[in-house]
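This one's a predicted model, so the numbers in the text were calculated from it and none came from an experiment.
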Amino acid sequence: MRLRNLAIAGSAMLGLLLCLSSSIPQQNRPQAELLPALEVRVRVLALQGKPPGQTKFTLHVTGISGTQSLAGDSWSPWLAIDKQAWQAILKGYPNSYLGRFPVSWALSVN
């Protein structure tokens, strides 16, 4: 008898959870048109614990074609992440299969 009551209670809870989950609005996939335009720049202050001197660096942001160069501890030029960049970022890993927020992108300095 207790097992039967437990099964009925479990079925009722499962039904309630299914009803509640269908009433929760699904999060939309990120859209490039709705993501904010950003500008980023980089400054290298240390390289292996020492000042960078006049070492040259290359900066690349996911979704932006091309690279920017900087030398020493100077600031890089501003890089804009606009609608076209967001479109490329959303097509890349891991955003292409996640289809939800947060949107992931990378900035690399070499």
Side-chain angles (χ1 to χ4, degrees):
M1 186 66 162
R2 292 182 91 174
L3 193 55
R4 183 170 183 250
N5 289 341
L6 185 61
I8 292 171
S11 297
M13 287 297 288
L14 181 60
L16 179 62
L17 287 174
L18 288 173
C19 289
L20 287 175
S21 67
S22 65
S23 67
I24 297 172
Q26 297 297 316
Q27 189 175 23
N28 294 331
R29 293 181 69 87
Q31 297 175 1
E33 298 81 20
L34 301 177
L35 295 171
L38 302 175
E39 290 185 336
V40 296
R41 65 182 184 161
V42 173
R43 182 177 178 201
V44 179
L45 296 176
L47 180 62
Q48 297 178 345
K50 299 177 185 171
Q54 288 304 309
T55 305
K56 295 187 187 282
F57 301 98
T58 303
L59 171 67
H60 176 73
V61 177
T62 303
I64 297 177
S65 60
T67 59
Q68 293 287 337
S69 297
L70 62 143
D73 64 353
S74 64
W75 283 98
S76 72
W78 286 99
L79 295 168
I81 301 178
D82 56 12
K83 178 183 165 185
Q84 289 77 25
W86 281 124
Q87 288 171 340
I89 290 167
L90 291 172
K91 289 178 185 174
Y93 173 84
N95 302 311
S96 60
Y97 71 89
L98 286 178
R100 60 179 167 76
F101 290 98
V103 174
S104 176
W105 56 280
L107 178 139
S108 63
V109 179
N110 299 316

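Panel note: side chain His60, backbone Gly66; a donor-acceptor pair is recorded below 3.5 Å. No donor-acceptor distance shorter than 3.5 angstrom exists from the side chain of Trp86 to the backbone of Leu34, with no hydrogens or angles considered. Formation of a donor-acceptor pair under 3.5 Å by the Arg43 side chain with backbone atoms of Asp73 is found in this model.
Cluster membership check: Phe101 does not share its hydrophobic cluster with Leu98, using side-chain heavy-atom separations under 4.5 Å among Ile, Leu, Val, Met, Phe, Trp and Tyr. Hydrophobic clustering (side-chain heavy atoms under 4.5 Å, transitive across Ile, Leu, Val, Met, Phe, Trp, Tyr) groups Leu47 together with Leu59.
By the 4.5 Å heavy-atom criterion applied to side chains, Ser96 and Lys91 are not counted as neighbours. Under the 4.5 Å side-chain criterion, counting only non-hydrogen atoms from C-beta, Trp75 is not in contact with Leu70. In this structure, Ile81 and Ile89 have side chains that are in contact, with non-hydrogen atoms separated by less than 4.5 Å.
The shortest non-hydrogen separation linking Ala32 to Gln87 is CB-CG, 3.4 Å. Taking each heavy atom of Gly72 and Phe57 in turn, the nearest pair found is O-CE1, 3.7 Å. In this structure, Ser69 and Pro77 approach most closely via the heavy-atom pair O-CD, 4.0 Å.
For the atom pair CH2 (Trp105) and CG (Leu35), the distance works out to 12.0 Å, reported to the nearest 0.5 Å. For the atom pair OG of Ser104 and CG of Leu90, the computed distance is 10.5 Å after rounding to the nearest 0.5 Å. Atom-to-atom distance recorded for Leu107:CG and Arg41:CZ is 13.0 Å, nearest 0.5 angstrom.
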